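Whatever order the structure lists ligands and atoms in, that order sets their numbers, starting from 1. Reckoned from all heavy atoms, side chains included, excluding hydrogens, waters and symmetry mates. Predicted, not measured: the structure shown is a model, and the values here were computed from it.
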Amino acid sequence: LPRKAKATGHELPSPALASAGKGKATKSVTLHLPQPHPRQFDLLSSFEPGVRFVVGACGTKFGKTYGCSIWLVEQAWTNKNSFNWWVAPSYAQSKIAYDLVLALLPQGTFVEYKADLRIQLIQPDGSLHSRIEFKSADDPSKLRGYAVNAFVLDEAAIMQEAAFVSVMTTVTQTRGIGLIISTPKGRGWFFDVYNRGEKFEDDGVTPRFDEKHKDPFPEWMAIRMPTWTNPHVQLDAVREAKNNLPEDVFRQEFAAQFLDDTAGVFRGVSNCLDVTQSTFSNPQPGHRYSVGVDLARLRDYSVITVIDRQTKRLVYMERFNQISWEVQYHRIIRVARQYPGTLTIDSTGIGDPIVQTIQNSGVTVTPYKIGGSASKQQLIEKLRVGIESRQISFPRNRDTLILVNELKVYQYSFTDSGIIKYEAPSGKHDDCVISLALAYMGADSPDWSYRSWNQRSI
Ligand SMILES: Nc1ncnc2c1ncn2[C@@H]1O[C@H](COP(=O)(O)OP(=O)(O)O)[C@@H](O)[C@H]1O
Ligand SMILES: [Mg+2]
């Protein structure tokens with residue numbers, strides 16, 4: 001079917017029709033699959049004779065999940081007694097594919113086991129035709145010990161390499177085949193596996209192998225496709241992404257490029273480090289400051305960051321994991337009084353009384369709720385621009401090195417609805433990042449406290 005780039009039918013007598021005919025299967029059911037778009041067709045037709053593994057590095061919304069679901073259904077439909085696997089990074093992502101596959105199958109040709117995301121294609125007499133199972137890659141040890149004929153590894157780059165290794169063991173005996181597909185994420189194991197299938201040099205035309213230099217991976221084929229080759233994606237949406245996203249993010253997520261580094265959110269962090277300075281600066285007469293505060297929640301740190309409003313230089317920072325409210329409160333007020341100006345605090349999950357208490361001590365507080373993804377995006381984007389354009393600078397010391405590390409590993413992901421989401425990698429902190437972002441945002445907003453202070457003194 002994909003080879004001809006058009007929907008065709010395969011004949012498999014349906015059990016429902018068979019029972020209507022009192023045990024005699026007289027009619028056959030035709031499987032109508034959606035037409036792959038031209039680049040999906042290229043991907044699926046990479047299974048030339050001798051090729052067992054096709055690696056696809058494709059932009060977000062290229063149609064990876066959609067295209068591979070067509071392919072896996074075809075495998076299960078045409079190969080009697082076959083065992084077919086869909087492996088996704090999480091259960092929730094597997095469920096999306098499960099629903100897609102179910103929608104492709106004609107009524108009466110299958111039995112579904114929704115609770116464990118299994119589908120059995122059945123013969124008219126009720127006997128098993130083939131199986132499709134949907135797995136999560138989060139526990140790679142559970143992916144061993146089976147004999148699989150065809151698999152899809154969807155969004156492979158965010159899986160552990162162990163998941164890939166486990167799945168590969170399931171096709172050794174069967175000489176099974178697999179589609180390993182993902183948006184690139186830096187140059188991890190997925191990049192290595194992609195390279196097994198890449199038969200050309202970077203120019204795209206010079207063959208890497210010849211009679212003298214034999215291809216060490218003849219069973220592998222690779223293909224790379226940007227998002228905009230999917231005709232079902234609006235080009236306007238791609239243009240908008242190009243205008244709004246960090247350049248590296250766009251290159252990785254939409255152009256499907258393998259970047260040296262996982263595209264971080266903040267580029268050029270080291271350029272902001274002033275290696276000639278190791279100490280913080282005392283408050284200067286006449287200078288106004290912006291204090292950013294991220295309060296400790298359960299296991300985190302509280303971080304107070306102070307930026308000079310004029311020079312955008314980080315002049316002070318404090319990081320502590322005393323989560324008693326009393327301690328946090330006193331430290332915040334002390335710093336805010338020392339460095340007069342504005343104070344911006346992440347007020348997500350903290351009550352108005354807390355903001356009020358700080359306010360009552362004479363410090364002007366701007367609460368900023370970063371719970372919502374839009375407000376967080378705004379906050380982080382602003383800091384990103386500040387760092388990329390080298391507006392911000394920090395001295396180099398123990399505290400700022402923690403900050404620099406948090407900035408360097410800070411990452412983004414996309415939600416299923418395509419919205420960008422910023423966060424620290426799992427197990428890492430982002431308190432310094434948030435505190436700095438709040439201080440930076442505050443430094444760019446009007447200095448209300450200065451005005452009222454000025455008016456009072458007149
Ligand atoms: N061959 C196709 N025909 C119609 N729509 C398609 C096709 N391929 C992809 N799409 C649509 O394109 C969008 C992105 O597809 P999806 O498979 O979710 O992308 P990816 O997994 O690469 O992020 C979806 O809305 C999907 O329905
Ligand atoms: Mg997908």
Task: Proximal atoms of ligand 1 relative to His37 (non-hydrogen, under 4.0 Å) - done: 1 (N), 8 (N)
TODO: Answer yes or no for Arg131 and Phe83: cation-pi contact, defined as NZ/CZ to six-membered ring centre under 6.0 Å and angle to ring axis within 45°.
DONE: yes
Open item on the list: I want to check a possible cation-pi pair here: Arg384 against Phe266, using under 6.0 Å from ring centre and within 45° of the ring axis as the test.
Closed with: no
Task: Backbone or side-chain N or O of Phe62 under 3.5 Å from ligand 1 N or O - done: yes
- [ ] Out of Gln40, Met225, His232, indicate the one that has the non-hydrogen atom closest to atom 3 (N) of ligand 1.
- [x] His232
Task: Atoms of ligand 1 close to Asn230 [distance to a heavy atom under 4.0 angstrom, numbered from 1] - done: 9 (C), 12 (O)
TODO: Examine Thr65 and say whether one of its N/O/S atoms is closer to the Mg ion (ligand 2) than 2.8 Å.
DONE: yes
Open item on the list: Using a 3.5 Å cut-off on N or O atoms only, is Glu155 in polar contact with ligand 1?
Closed with: no
TODO: Out of Gly63, Ala97, Pro231, indicate the one that has the non-hydrogen atom closest to atom 15 (O) of ligand 1.
DONE: Gly63
- [ ] Using distance alone, decide if ligand 1 has a nitrogen or oxygen within less than 3.5 Å of any nitrogen or oxygen in Gln35.
- [x] yes
Open item on the list: As a test of the contact definition, would atom 24 (C) of ligand 1 count as having a protein heavy-atom neighbour under 4.0 Å?
Closed with: no
Open item on the list: Can you report which non-hydrogen protein atom sits closest to atom 17 (O) of ligand 1, along with the distance?
Closed with: Tyr66 N, 2.8 Å
Task: Atom indices of ligand 1, in the order listed, that fall short of 4.0 Å to a heavy atom of Pro36 - done: 1 (N)
Task: Name of the residue among Leu105, Val111, Val73 meeting side chain to side chain contact (heavy atoms under 4.5 Å, CB included) with Ile119 - done: Leu105
TODO: Look at atom CD of Glu201 and say whether more than 12 heavy atoms of other residues, nucleotides or ligands are closer to it than 6.0 Å.
DONE: yes
Task: Salt bridge Lys199-Asp215, side-chain N to carboxylate O under 4.0 Å - done: yes
Task: Tyr146 six-ring face occupied by Lys135 cation (under 6.0 Å, within 45°) - done: yes
Open item on the list: Any carboxylate oxygen within less than 4.0 angstrom of a Lys/Arg side-chain nitrogen, looking at Arg175 and Glu219?
Closed with: yes
Open item on the list: Under 4.0 Å, counting heavy atoms only: does Cys58 come that close to any atom of ligand 1?
Closed with: no
Task: Residue, atom name and distance, where the atom is the protein heavy atom closest to atom 21 (O) of ligand 1 - done: Thr65 OG1, 2.8 Å
Open item on the list: Between Asp116 and Arg118 (salt bridge meaning N to carboxylate O under 4.0 Å), is one present in this structure?
Closed with: yes
TODO: Taking only Lys NZ, Arg NE, NH1 and NH2, and the carboxylate oxygens of Asp or Glu, determine whether Lys369 and Asp346 approach each other closer than 4.0 Å.
DONE: no
